[in-house]
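Working notes, structure below.
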Amino acid sequence: MFARLRNDFPILDSRIGESPLSYLDSGATSQKPQCVIDTFTEYYSQRNAAVHRGAHSLAVMATDAFEAGREAVADLVGGAPEQVCWTKNATEALNIVALGFDRAGRGFGGPEAGRFALGPGDSIVVTEMEHHANLVPWQQLAQATGAELRWLPVTDGGELDLTELNSIVDSTTKVLAFTHVSNVLGTINPVETLVARAREVGAFVVLDACQSVPHMPVDFPALDVDFAAFSAHKALGPTGLGVLWGKTELLNALPPVLTGGSMITTVSMEESAFMPAPQRFEAGTQPVAEVAAFATALGYLAEVGLDNVLDHERELVRILLDGIAEIPGIRVLGSAENRIGSVAFDVEGVHAHDVGQYLDSQGVAVRVGHHCAQPLHRRFGVTASTRASTYLYNDVEDCRRFLSALAEVRPFFGVGEVTA
Amino acid sequence: MFARLRNDFPILDSRIGESPLSYLDSGATSQKPQCVIDTFTEYYSQRNAAVHRGAHSLAVMATDAFEAGREAVADLVGGAPEQVCWTKNATEALNIVALGFDRAGRGFGGPEAGRFALGPGDSIVVTEMEHHANLVPWQQLAQATGAELRWLPVTDGGELDLTELNSIVDSTTKVLAFTHVSNVLGTINPVETLVARAREVGAFVVLDACQSVPHMPVDFPALDVDFAAFSAHKALGPTGLGVLWGKTELLNALPPVLTGGSMITTVSMEESAFMPAPQRFEAGTQPVAEVAAFATALGYLAEVGLDNVLDHERELVRILLDGIAEIPGIRVLGSAENRIGSVAFDVEGVHAHDVGQYLDSQGVAVRVGHHCAQPLHRRFGVTASTRASTYLYNDVEDCRRFLSALAEVRPFFGVGEVTA
Amino acid sequence: MSTQMQQLYQQVILDHSRSRIGNSALRRDAADGPHGYSHQVNPTCGDEIELETELGSDGLIVRWTGDGCSISMASASVLSELAAESTPEQMLEIEAKFHELMHSRGTMEPDEEALGDAAAFTGVSKFPARIKCALLAWMAFKDALGQAQSSLEEK
Amino acid sequence: MSTQMQQLYQQVILDHSRSRIGNSALRRDAADGPHGYSHQVNPTCGDEIELETELGSDGLIVRWTGDGCSISMASASVLSELAAESTPEQMLEIEAKFHELMHSRGTMEPDEEALGDAAAFTGVSKFPARIKCALLAWMAFKDALGQAQSSLEEK
Ligand SMILES: Cc1ncc(COP(=O)(O)O)c(C=O)c1O
Ligand SMILES: Cc1ncc(COP(=O)(O)O)c(C=O)c1O
């Protein structure tokens, strides 16, 4: 099946200079199948209009597409369509939660929102492997409220170190925010253990699902998280769209941050009243074409099956890890068994930027830098790494081409033993 | 020229039931020319990648497209590319300013940001004709800071009533936020007069340019506004993209609201430092395909010429106003001479929803409701109105079809004299 | 004129939208029997309705004032007419049937016997943007009736 | 191997990235003459450089420490080498030329006489993602030199 899928992605036929493209940067953003691209054409040629605000036929068609998108998301991750709030990206979704907590503590949202209020003496817990998107907003919340920011450390093997879990997440903890899967190490974190501890102390759980939802089956209600966030663009969908998922009661109590049109019930010059979720978080004209395209993407993903995607990536990552082990001078960051198809590594004597440049010259697209996870890199004693990340359209050939290019890197830069 | 343009918009060939489509709802969102639609296909088939974070060739192409978009905006509205910050829509852009002011007053952004701090005794001035997007965020800011919210009233003729300007905008005023063009009445407001008064009292000026930028030549530096906002989707561009424009020094001093990846310089577990504008306002993966498509849209608009667009719309609105005047029982809201091609009206004895439904049955798409301007409707003694709004692709035939359908509305609902 | 339009704007609906049964000043706490009140807004268009139910000695009484399109006003009128002939329990059954009908996208045959004039709204279900209009008064009714019933229990 | 890659990674660059002229502990306020300090970060990749300039009695001195790719490290090294042979004014001229060259997208012939080893970076200008790497040390230099010069004036 996977061999055929590749043909659905027109960009994969590109050539980089003289080389065919091996795209191993899906951890940053995924490529799109033709059907997703076609949805844009279809939407803008046949049913583009402002949603929810018009009686005319185009507006009705646009609204249908928009709401069908919510259903597609709910089908994928569980819950009801009203639990799906559209954002511009996962980052906005995480900020809406953190900033909503901030506003709750300042009297916005009334007594209903009181449960979200934080102050000195309270703590917020994150992990050392967070993407900046799930770290900086919580730093800001700590700064704004006087709450303490704590974090779960990471082991040398690239897993969460839970030995101190019960003292780090304690009775002061109001929020436990962590990533489902590390975007650098590929490690899948033990959500159940963390949620169980959060429940013991009565903390809200915020899950960064950016790297899980596209790559493995995920069921938010089953995981019992309170809020979750992910982006469409990493899951075969378009740029400009993210999802904030939450428990209905909590979403309806959380004060909105962005305010304006289409999220209010009544507005006078003096004051305004807000709609329930999801609309309360959807101020202004929404990314409607993007939602339509994402619905197509999710249909495609569902047809392939997320369990198959995970199996496929695990096959590829085995090949990558085995191959890298044979190349001298490469240190892989993390060694978790439970992982998705993503590998970050350090090439001894060659900076990641230079590694990436060399691989690109061979048509292999990887990501270099800190991958928006500076603290994690610091933890591993590097400022930057190179990351190869796979998706359903990658194949063994991509891995082979990556490995043979990688083997040439140190020789090219004149470090280590010359291999041939 | 305008007769030919229509062919560039595939959706305009649609049929609504048995009728051809006359799309008179561009005030809500515009339709897209084929070249804009094609940009999505081209972008996703040839150069999709995460921007600014990669050394590989696709990432470089994507970054080029992304940055070229800023230049296209700066060419259109003036200023330098770094003054153009991407947002999801105009609503987000306005919120970023209002929420940034709020954060400034709470110590975020350091002493640099002190200039934006508001408190009791200060005032924020808006107008009675604001879209909720440029009203609710300021209400929230007033609530958060204890500042007073004031507004400039609207005359019976649908213009700003400036008789009390000097007492409403006074030495307590820290922000004057107003719309360049009313999305309901079509009135073009006297920016110069308002800016001059703001300068006298040292208030910041925030311009809602949603309805001006798509329909007339606009030059933000010449208008001397401090911040301005508009959306791509109303200007032939895609959904999911807006612009926050600002004076460089102010943008660099304004604390960001949404935080996360790609807007930081360094992040430790404890704290983070932010980049200068525009990146400081662009947390997370940006709507890159949308930016590429918007650049195409702006190229198209520039070729037509915004002065020509305004002339064309003014011809059409004359036809609409003259035609409506001949239909019994229709009251047009506002009568400003200086206006764009948008008309809102009340049909005596028939609710706007029913008017819109009838027009739709004749293939005429208009907007009904409060158009996210409840206070303005209250000012005119109605809860809802019907709005016909034109753009460069509309023609005399659209106006004619609208007028003949409108003439049938009251007879259909059995109110007023039966006209035939 | 499209037949869809004729189905949407049945004569019954146009008539009710003008006669407006039940449209009268609210009595609120001046009401004689146990009562409930609800204010519903359609944020899309600003349409609103204030509706109260009173469990009078002669049965159920509905009073409402509102501002909205012909569909929403006619719906409130039909509701008031039905309420005058029904028990609260019957009305809740009608409400459930009406709700289901509205979400049927034109695929359901209305139960004309139970729904009475409300069956005329069948055409509305083909216009997703108008379903809220038809349901506005019913949402208010359900809310207000619940209050009236619980204030009865408290007594 | 593509010729573009060979142009990017000239031997001169690879050599400088290893020899790293000027790479030595900073002295900060322990410096003898008027001095300035700058810390620059490339947020894309976390590369950073700390660089100080001292207006010594024998001329301009540059010291730096940093962590980054071969392009950024080589650039700092070349800069330090040039600084040792130039006056502050000459260095500012070189900086301007280098800046222009980097933004030329491969369309400019380098002024080899003025730029010395820095001319080897011409190929970098064809790689937009790497321009920042080449300029990082120069940004730090310009900043630090400005400080050194104003502290001189103050005295
Ligand atoms: C005058 C005005 N301001 C603000 C907005 C909000 O724009 P958006 O919904 O694209 O954020 C609109 C359009 O809806 C508008 O017409
Ligand atoms: C784990 C993780 N969290 C958050 C993000 C942020 O997502 P976005 O940039 O789409 O907002 C990413 C991707 O960049 C990620 O991998």
Side-chain angles (χ1 to χ4, degrees), chain A residues 10-11 16 28-29 31-32 37 40-41 44-46 48-50 53-58 88-89 91-92 95 106 131-133 136-137 139-140 144 151 231 233 238-240 258-261 264 267-269 271-272 283-285 287-290 353 356-357 360 365 367-369 372 374-375, chain B residues 10-11 16 28-29 31-32 37 40-41 44-46 48-50 53-58 88-89 91-92 95 106 131-133 136-137 139-140 144 151 231 233 238-240 258-261 264 267-269 271-272 283-285 287-290 353 356-357 360 365 367-369 372 374-375:
Chain A
I11 204 170
I16 304 298
T29 200
Q31 297 303 344
K32 323 301 170 201
I37 302 174
F40 277 101
T41 305
Y44 283 128
S45 311
Q46 291 173 29
N48 175 57
R53 283 190 264 166
H56 64 75
S57 302
L58 286 181
K88 67 196 255 190
N89 52 25
T91 302
E92 184 196 338
N95 274 277
R106 299 167 74 203
H131 188 283
H132 296 162
V136 187
Q139 287 178 347
Q140 296 266 304
W151 54 92
S231 279
H233 69 92
T239 56
L258 302 178
T259 57
I264 53 84
V267 174
S268 69
M269 286 310 293
E271 58 177 9
S272 303
T285 304
V288 186
E290 287 73 9
H353 243 183
Q357 196 78 57
D360 183 57
R367 183 110 319 213
V368 299
C372 297
Q374 286 188 344
Chain B
I11 204 170
I16 305 298
T29 200
Q31 298 303 344
K32 323 301 171 203
I37 301 173
F40 277 100
T41 306
Y44 283 127
S45 310
Q46 292 172 30
N48 175 55
R53 283 190 264 169
H56 65 74
S57 302
L58 286 182
K88 69 197 256 191
N89 53 24
T91 301
E92 184 195 339
N95 274 279
R106 299 167 75 201
H131 188 282
H132 295 161
V136 187
Q139 287 178 348
Q140 297 266 305
W151 54 91
S231 279
H233 70 92
T239 56
L258 303 177
T259 57
I264 52 84
V267 174
S268 69
M269 285 311 291
E271 58 178 8
S272 305
T285 304
V288 185
E290 287 74 8
H353 245 183
Q357 197 77 57
D360 182 57
R367 183 110 318 211
V368 299
C372 298
Q374 287 188 344

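When reading the values below, keep in mind they use all heavy atoms of this one structure, side chains included, and skip hydrogens, waters and symmetry mates. Convention: sequence-line order gives letters A, B, ...; per-chain numbering from 1.
- With a 4.5 Å cut-off on non-hydrogen atoms, A:N48 touches chain B through its backbone and its side chain both.
- The shortest non-hydrogen separation linking B:E92 to A:K88 is OE2-NZ, 2.9 Å.
- Neither the backbone nor the side chain of A:S231 comes within contact range of chain B; no heavy atom of the residue lies under 4.5 Å from a heavy atom of that chain.
- In terms of modelled atom types and a separation under 3.5 Å, the side chain of A:Q374 and the main chain of B:S268 share no donor-acceptor contact.
- Heavy atoms closer than 4.5 Å to chain A are found in both the backbone and the side chain of B:Q31.
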Should B:V288 and A:T29 be marked as a side-chain contact (heavy atoms from CB on, under 4.5 Å) after you check the CA-CA gap, both sets of side-chain angles, and the distance that decides it?
CA-CA 11 Å; B:V288 185; A:T29 200; over 6 Å; no

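- For A:S45 against B:P10, the heavy-atom pair with the smallest separation is OG-CG, 3.9 Å.
- Ranked by heavy-atom pairs under 4.5 Å with chain A, the first of B:E290, B:H233, B:E271 is B:E290.
- Of the listed residues A:H132, A:Q46, A:K32, the one with more heavy-atom pairs under 4.5 angstrom with chain B than any other is A:H132.
- For chain A, the option among B:V136, B:I37, B:V267 with the highest count of heavy-atom pairs below 4.5 Å is B:V267.
- Contact of B:S57 with chain A is made through backbone and side chain together, with heavy-atom distances under 4.5 Å.
- Residues B:Q139 and A:M269 come closest through the heavy atom pair NE2-O, 2.8 Å.
- Here the closest heavy-atom approach between residue A:T91 and residue B:T259 is recorded as CG2-O, 3.4 Å.
- Within the model, atoms CG of B:D360 and CG of A:L58 stand 8.0 Å from one another, a figure rounded to the nearest 0.5 Å.
- Of the listed residues (B:A49, B:P375, B:A289), the greatest number of heavy-atom pairs within a distance under 4.5 Å of chain A belongs to B:P375.
- Contact record, A:A283 with B:N89: O-ND2, 3.2 Å, taken as the closest heavy-atom pair.
- Taking A:G356, A:P238, A:S272 one by one and counting their heavy-atom pairs under 4.5 Å with chain B, the maximum is reached by A:S272.
- Under the 3.5 Å distance criterion, the side-chain polar atoms of B:Q140 are left unmatched by any main-chain donor or acceptor of A:L258.
- Between the CZ atom in A:F40 and the OG1 atom in B:T239 there is a gap of 7.0 Å [rounded to 0.5 Å].
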